[in-house]
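Data block below; observations after.
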Amino acid sequence: MCPGSLSFHMFDALSERLERVAGRLRSRGRLSEADLDEALREIRSALLEADVELGVVRRFVDSVRQRCAGEALSRSLTPAQQVIRSVHEELTRVLGGETLKLTYAPRPPTVVVLAGLQGSGKTTAAAKLAAWWKHQGRNPLLVGADLQRPAAVEQLRILGRQAGVRVYSEPTDPVAVASAGLEEARRLGRDLCIVDTAGRLAIDEELMDEVRRIAAVTQPHYTFLVVDAMTGQDAVATATAFHQALDLDGVILTKLDGDARGGAALSVKEVVGRPIVFASTGERLGDFDLFHPDRMADRILGMGDVLTLIEQAERAMDRDAVEKSATRLMEGRFTLEDFLEQLQQVKKLGSLGGVLKLLPGVSRELRQAAGQVDDRELDRVAAIIRSMTPAERHDPSILDGSRRVRVARGSGRTTQEVNALLKQFREMQKMMKGGAGGMTAPAGLGRLGGLLGGRGGPPAAGLQELLSGAADGGRSPGAPRQLLQGVKTGADELAGSGLRPGAKGGARNKKKKGGRVTPPKAR
Amino acid sequence: MAPAPTGAPAPTGAPAPADPPAPADVAVPPAPGEEAAPPGPPTFRDRLGKARSLFGGVVTSLRARGGVDAATWEQLEEALIRADVGVGATERVLARLRERVAAREVAGGEQLVQALRQDLVALLSGMPAPGANGGRRPPAPADRSLRFAGASGRPDVWLFVGVNGVGKTTTIGKVARQQVALGRSVLLAAADTFRAAAGDQLATWAERTGAEIVRGTEGGDPSAVVFDAVQRAAARGNDLVLADTAGRLHTKVNLVEELRKIRRVADRDPGHVSEVLLVLDATTGQNGLAQARTFTEAVDVTGVVLTKLDGTAKGGVVIGIQQHVGVPVKLVGLGEGPDDLVPFDPEAFVDALLAG
C-alpha cells in the first residue's frame, strides 16, 4: 500500500474497492480460494471503516464466504460480480429480516418509550415521531420525562408546538411524569402516548433502573432505542445493555443526513435482533420516515441511495408536464416557458445537492461541489424567466436591450445574467434542433447545469459535467424524467449484476472493462 | 443587570502575564497543561482507572504468552479496532510494530505492548512514532493548553463547534465553571439559535456558574449574538467569551459557511478568537475524522474536546484526528458532574484504550 493514498482509501466506497479487486479477478475468470480471500479482506476493511462492529463483521464475512463457496462458478456473472452480489444480498438480508408492522393498542393509547445515550437525538426523534403519526391521522401526546438535561422539556414543548402536538410534563420525577403523562393521554382520549426519557449510559445502573421503572409503570407497546448513525464500535455494547434492560422492540436511527456510512445500523440490528423501524434524515420535523433496509445496505457499501431517488422522483414529478415538455423538446419547439416548467420539476425533487447525493457513483468531490451549488440559482433563473412577458418567453429573440434591462430589473438580477441565460438557452435550442428525433438529443438537465454554471466557478462546471453525464450514457435524452430513466436503468443493472453504474455514464466504464487486458503498470 | 458581577477586570488568577498589551496571537499560557485543572478534582487517570483496569485483557494475556505469534497480532488489532482507532490507523501502527519485531528491536509480549503503548502516545502527541523513519508530516508537538491572551479590553473568544448532540452546551457550562474558578470574568454567548431551548439550557449553566450570558432570539442570526457578546464583554471588562454554536453536520455546506461567518465576526476587533474547540462524542466512529477535517478546514479548529468518555466507548478516532488533521485533544469529559471535564492525558488515554 502506498502511504500517500491511505487517507484516500478511507473514503473509498466498497464497490470501488471491489472493482479494483475485480479487475484482477476478471482477467483470470475463475474465483480461486485466494481471490475470494482477497475480496473478503476488502469487504472486511470496508465494513470496519463504515463502523460495523468487529464481531458482526467477522460473522458477516464468514456468511458471505460460505455463500460464495457454495455457489457454482458456472453462472453468467463474473466471479467478482458474484461476490459483490452476495455481499449486497447478505447485507440487505441481515439489515432487513422481518420489519415491524406497527399496530395499535385495542384500548388506546398505544404507549411508546424512547431511550438512548445522551445526544443520540431522543427529544428530536420524539417530536418527529409525533409529527409522523399526526400526519398519519393519529392523535399523539408527547410526554417529557427528561428532567435531567437543562431545558430538555422546554425543547420538547417548542418542538411539540411546531408539530401541533400537545406536550405533557411536570417538574417532579421522571417515573411520576411518565405515569401521569399516560393518565393525561387517556383523559384526553389520545391514541398515542410518546415518552421522551433522559439520555443515559448503559453502564449507569441507577439511570438504567429509572428507565426500567418508567417502562414498568407505562407498560409500553413499543420501546425504541434511539441510535446515532455516526456511532462507532460501542454501538453493540450500548444496544445490548439497553435491550437487556428494556426488551427493545426496535431502533430509530438518527442523523442519517450526514456522511456517516452508518455501520452502527448493522451492528445494532445484529445484536439486538430487532428491526430498525425509523430513520431520521434531517433537521426539520418532516425529515423522518420508515427505515428501508435495502437502501441502508447500499449506503454502507457506498452504492448511493438509488431507490430513494426513484421514489422521490415518482412522487414529485408531474408526468404530464414532463412529457409535454419532453415532446416539445424533441420537436425543437422548446421555449423558455418549458424550461421554467422543467426547473419547477427539478425543484420538487428537493435540493440539487440532495439529488446528487443519492445517485450512485457520484464521487465525494462532486458531491461536495454539488453541495456548493446554491439551489437558489434555480430560483434566480426562474425569476429572470418570470420577469419576461409571455411573448418574450415564447420568442426570446424579441428581447432587445431595453427589454433585457427591464427583465433584469424586474428579477433583481444583472443584465449580464439575463444575457448569459439567453445565450445558453439559444445554444441549447440549437443543439436540440440538431439532435431532434435521434437518441442524441442533449440532456435538458445537462444544459441546466450549463445555465447554472453561468458564473463560471469550477464546482458548477463539475456539476454540469456530472449532470450531462448522469443523464447521458447514450440512452437518456433530455428532461428530468429521462435522467431518472437513466438512473432506473442503472438501478436495474445494479440489481442484475451487482455492479455500480459509472459516475460519468457508460463510456468510461466500458473503456475500463474492455481495455483492461494488461495491468496499467505494464505501460 | 447591573454593570458587572466582577468588581474589577481581574487580570486572571494564574501567574499573570506581566505585560498587559501583549498583542501576540499565540500567547503563552500562564501555566501550560495544568491551567484548566480545577483545584483538587479527580485526574484523568483516577477516573479512567475506576472504570477500567489498567491495560486489562490484552496486556495480561499477551504478557502470559511471552513470544509473539499470529494470534498476538490479531489480538492487538482487535483491541485497536474495537477502540475505534480505525482500520487504516491500526494497520499502520501494527505494520511499524511488525518491522520492529522483525528487526529484533522488540521481543516478547511485554515489550510489544510497551512499544505499542509508546507508539500510540507518540502519535497522540503529534510526534512520529519511534522507529518510523520520517513521518509524512513534520512533527508538531501537541499543545494542549487553552490559549488565553488576557489583553485588557480585548476579550478572548473560545468558540465551541461540533455536530448535533455531542455535548457542546454542557461542555461550555463546565468550562465556564472552571474559568470562573480561575478568577476570570466569563461571558457566555448563546449563539445556538437553532435548537429549541438551547438558549435556556445555556442560561441554566450561566446561573449555576455565575457567568454572564448574552442571548439572541430563537431562529435569529448567530453571528449577531456573538457580535453582541464580544461588544458587551469588551465594554464590561469580561476576559473571556465562551460562544456556543448550533450543532451542525459537517456535510451541510451552508451551515458550515455560517460557522465561518461566526468565527470571522468573533475575531473582529475588539474580540479575538484564541480557541476553536471541536466537541467530539467519544462514541463516534470513523466519521469523527471527517468531522474534524471539515470543521478544521472551515474554522481552523485548535483543539478537540472528547466528551462522554465515561461510558464504554474509547474514542480511538482521536488518534487519526491528531495524525491526519493535526488537532490535539485538549479536554476530556469523564462524567456528568461539572468537575468531570479534565485535561487530556495521552498515557492514561492509551492505557484505557488497550484495556480489555
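Order of the sequence lines fixes the chain letters, A, B, ..., with proteins taken first and strands second; residue numbering starts at 1 for each chain. Bear in mind the structure is a predicted one, so any value in this text is a computation, not a measurement.
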Interface moiety of [X] toward chain A, non-hydrogen atoms closer than 4.5 Å:
{"X": "E257(B)", "result": "neither"}
{"X": "E207(B)", "result": "neither"}
{"X": "D84(B)", "result": "both"}

request  = Decide, yes or no, whether a salt bridge links R41(A) with E91(B) under the criterion of side-chain N to carboxylate O below 4.0 Å.
outcome  = no
| query | Are D234(A) and K314(B) ion-paired here, with the side-chain N under 4.0 Å from a carboxylate O? | reply | no
Value for CG (D228(A)) from OG1 (T284(B)), rounded to nearest 0.5 Å, stands at 6.5 Å
To the nearest 0.5 Å, atom CD of E283(A) lies from atom CG of L255(B) at 5.5 Å
For [X], is it the side chain, the backbone, both, or neither that has a heavy atom closer than 4.5 Å to a heavy atom of chain B?
{"X": "A237(A)", "value": "side chain"}
{"X": "R149(A)", "value": "side chain"}
{"X": "L117(A)", "value": "side chain"}

With side chains defined as the heavy atoms from C-beta onward, is the minimum distance between [X] and [Y] less than 4.5 Å?
{"X": "T251(B)", "Y": "D257(A)", "value": "no"}
{"X": "I158(A)", "Y": "E218(B)", "value": "yes"}
{"X": "V163(B)", "Y": "K255(A)", "value": "no"}

Among residues 50-59 of chain A, residues within the sub-4.5 Å heavy-atom range of chain B, in order of number, are D51(A), E53(A), L54(A), G55(A), R58(A)
Most heavy-atom pairs under 4.5 Å with chain B, out of S120(A), G121(A), P150(A), A264(A), belong to P150(A)
